[in-house]
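These notes concern the structure reproduced below.
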Amino acid sequence: MAYTTIKKPSDYFNTKLYTGNGSTQNITGVGFQPDLIWLKDRDATDWHWWNDAVRGATKTIFSNVTNAESTQATSITAFDTDGFTLGNDGSVNRNNDNYVAWNWLGANGTASNTDGSITSTVSANTTSGFSIVSYTGNATDGATVGHGLGAVPDMLIGKDLSDGSGWGIWHKDLTNAGYKLSFTTDAQADDSALFGGSSRTAPTSSVFTLGSGGGLNGSNANIIYAFTSIKGFSKFGSYTGNGNANGTFVYTGFKPAFVMIKHTNGTSNWTINDTGRDPTNVNNLRLFPNQNVAESSGSDSMDMLSNGFKFRSTDGGNNGSGDTYIFMAFAAEPLVANVSSSIPATAR
């Protein structure tokens with residue numbers, strides 16, 4: 001496999017920290033115009049906000065609850081060339097609170113996609129392996145939706161926008177194409193009415209398949225965030241814990257900037273570690289996508305290394321003996337710094 005053409009990962013994914021001012025402000029320094037912003041108040045028990053440019057700046061969904069999409073006129077009010085604009089909503093801009101925003105670059109525009117039996121609107125970045133997919137379901141088993149990645153997705157994160165259905169999450173290392181997770185503590189479960197349909201059809205390089213269930217294929221508007229691994233930039237995989245403080249090492253092929261993990265055969269929280277909030281090892285400042293709690297320093301710590309991450313605790317949330325876990329990771333820098341000469345990057 002060729003090395004990625006992405007020489008600077010922060011051109012496509014970037015973590016931005018900022019402090020609220022209780023009024024309005026422009027957050028700059030993202031490095032690109034984001035198409036997806038996932039935002040959390042680090043200091044308070046506020047919700048996880050997901051805003052994307054396909055739905056529109058003020059349209060928000062929340063990973064820690066099942067609520068339908070909400071219009072929040074004083075939250076994220078615009079996607080800017082180097083960041084985003086905030087209103088005075090306390091959940092995103094409370095005076096003196098500290099916030100984290102994880103940002104992904106799509107296409108900075110949309111296109112109609114007719115690859116599937118359901119027409120979708122996509123903002124796809126084939127270089128970085130990320131696509132935002134908007135569509136209206138038809139309640140038909142085996143319906144297909146075009147994602148625009150030009151490669152087989154490794155992970156799909158979706159939400160029905162119109163009602164209180166839970167999030168639907170598929171990952172290539174779940175048991176099969178009919179299995180799913182959600183932003184809860186629940187272990188993976190067989191739910192072919194959500195993904196895969198009754199035939200449990202895996203995604204292809206052009207489409208993913210849905211069941212007839214209302215979760216992502218009722219006669220409502222839906223959003224899917226689709227990802228595929230790009231060597232040197234992103235990795236979607238799985239590992240087995242060893243229950244040891246000299247924990248499992250997980251190879252990514254790059255120094256991670258962001259790692260999200262879920263215990264698939266147990267009832268643990270989703271966890272996020274990143275080097276924006278916690279730049280030195282041991283990295284143990286955690287946020288939980290399925291909970292509204294503030295940032296905490298926990299026992300489920302890890303080292304972010306030049307070629308992957310390694311656990312430094314026996315915590316069952318990410319390193320239980322014999323337990324299985326899935327992850328998504330994005331790079332701070334590739335293991336190979338010069339894509340033409342394959343000169344290894346130096347560890348920090």
Side-chain angles (χ1 to χ4, degrees), residues 10-106 108 123 130 132 134 157 159 161 164 167 183 223 225 257-258 260 269-279 283 285-298 330:
S10 60
D11 285 344
Y12 297 87
F13 167 81
N14 207 358
T15 301
K16 177 64 182 176
L17 308 181
Y18 69 92
T19 302
N21 68 3
S23 179
T24 61
Q25 62 171 320
N26 298 103
I27 305 301
T28 60
V30 170
F32 53 83
Q33 180 174 314
D35 289 293
L36 170 62
I37 302 169
W38 177 357
L39 188 153
K40 178 69 175 77
D41 188 330
R42 301 167 62 190
D43 297 331
T45 54
D46 275 317
W47 292 1
H48 287 257
W49 293 57
W50 293 57
N51 291 58
D52 65 71
V54 173
R55 293 180 294 124
T58 61
K59 304 291 187 180
T60 305
I61 47 179
F62 312 95
S63 61
N64 56 286
V65 292
T66 63
N67 295 33
E69 177 185 74
S70 176
T71 299
Q72 301 288 334
T74 59
S75 58
I76 297 173
T77 59
F79 297 90
D80 303 326
T81 56
D82 187 33
F84 49 93
T85 301
L86 295 172
N88 62 3
D89 191 298
S91 294
V92 301
N93 197 19
R94 183 176 293 109
N95 192 37
N96 294 324
D97 272 13
N98 293 300
Y99 293 83
V100 59
W102 300 293
N103 302 271
W104 284 265
L105 175 64
N108 282 169
S123 179
F130 168 62
I132 303 169
S134 173
I157 300 175
K159 180 73 177 73
L161 301 175
W167 289 68
F183 279 127
I223 198 78
Y225 305 108
F258 171 103
M260 181 168 73
N269 288 311
W270 292 79
T271 58
I272 294 175
N273 292 67
D274 66 70
T275 57
R277 295 177 296 120
D278 202 358
N283 188 300
L285 291 181
R286 309 168 302 167
L287 285 168
F288 306 105
N290 57 293
Q291 292 192 354
N292 67 350
V293 296
E295 178 181 88
S296 63
S297 177
F330 293 90

### Message
For a side chain to side chain contact (heavy atoms under 4.5 Å, CB included) check, start with the C-alpha distance between N273 and L285, then their side-chain angles and the critical distance, and finish with the verdict.
### Response
CA-CA 6 Å; N273 292 67; L285 291 181; over 6 Å; no
### Query
Would F79 and I37 count as a side chain to side chain contact (heavy atoms under 4.5 Å, CB included) if you check the C-alpha gap in whole Å, the side-chain angles of each, and the deciding distance to 0.1 Å?
CA-CA 9 Å; F79 297 90; I37 302 169; 3.5 Å; yes
### Message
Could you go through T15 and V100, starting from their C-alpha distance and side-chain angles, then the distance that decides it, and tell me whether this counts as side chain to side chain contact (heavy atoms under 4.5 Å, CB included)?
### Response
CA-CA 7 Å; T15 301; V100 59; 3.6 Å; yes
### Task
Go through L17 and R277 one step at a time and tell me if the side chain to side chain contact (heavy atoms under 4.5 Å, CB included) criterion holds.
CA-CA 7 Å; L17 308 181; R277 295 177 296 120; 3.8 Å; yes
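For the atom pair CG of N88 and CG of L86, the computed distance is 10.0 Å after rounding to the nearest 0.5 Å. In this structure, CD in Q291 is found 13.0 Å from CZ in F183, a value given to the nearest 0.5 Å. Between I157 atom CD1 and L36 atom CG the span is 9.0 Å, to the nearest 0.5 Å. Distance OG1/T81 to CZ/F32: 12.0 Å, rounded to 0.5 Å. Atom CD1 of I223 sits about 4.5 Å away from atom OG of S134, to the nearest 0.5 Å. Separating the CG atom in L39 from the OG atom in S75 is a distance of 9.0 Å, to the nearest 0.5 Å.
Residues Y99 and Y18 place their aromatic rings such that the two centres sit under 6.0 Å apart.
W167 places a side-chain N or O within donor-acceptor distance of the main-chain N or O of F62, the cut-off being under 3.5 Å. A side-chain donor-acceptor contact under 3.5 Å links D82 to the backbone of G31. Using modelled atom types, one side-chain atom of H48 and one backbone atom of F288 make a donor-acceptor pair closer than 3.5 Å. Formation of a donor-acceptor pair under 3.5 Å by the N103 side chain with backbone atoms of N14 is found in this model. No donor-acceptor pair closer than 3.5 Å links the side chain of T77 to the backbone N or O of T74. Side chain of S63 to main chain of P289: a donor-acceptor pair is present (N/O by atom type, distance under 3.5 Å, no hydrogens or angles).
A donor-acceptor pair shorter than 3.5 Å can be found between the side chains of N21 and N93. One side chain, N98 or D43, offers a donor N or O that lies under 3.5 Å from an acceptor on the other. Side-chain polar atoms of N292 and N64 form no donor-acceptor pair below 3.5 angstrom. Under 3.5 Å, the side chains of T85 and D80 contain a donor-acceptor pair of N or O atoms. Donor-acceptor pairing under 3.5 Å is lacking for the side chains of T271 and R286. For the residue pair D35 and N108, a side-chain donor N or O sits within less than 3.5 Å of a side-chain acceptor on the partner.
In this structure the side chain of W104 never reaches within 4.5 angstrom of the side chain of I132, judged on heavy atoms. Inter-residue side-chain proximity for T71 and K59 is flagged as met; some heavy-atom pair is nearer than 4.5 Å. Residues K16 and I27 form a side-chain contact, since some pair of their non-hydrogen atoms from C-beta on lies under 4.5 Å apart. Put simply, the side chain of W270 reaches to within 4.5 Å of the side chain of M260, judged on heavy atoms.
Between F330 and F13, the two ring planes are parallel [angle under 30°; tilted spans 30° to 60°].
In summary, R55 and E69 engage in a salt bridge, as defined by a charged side-chain N under 4.0 Å from a carboxylate O. Between D41 and R94 a salt bridge is recorded (basic side-chain N to carboxylate O distance below 4.0 Å).
Nearest heavy-atom pair, P34 versus G83, reported as atom, atom and distance to 0.1 Å: CD-O, 3.3 Å.
The residue from Y225, Y12, F130, W38 that alone fulfils the ring pair (Phe, Tyr, Trp, His ring centres under 6.0 Å) condition with W102 is W38.
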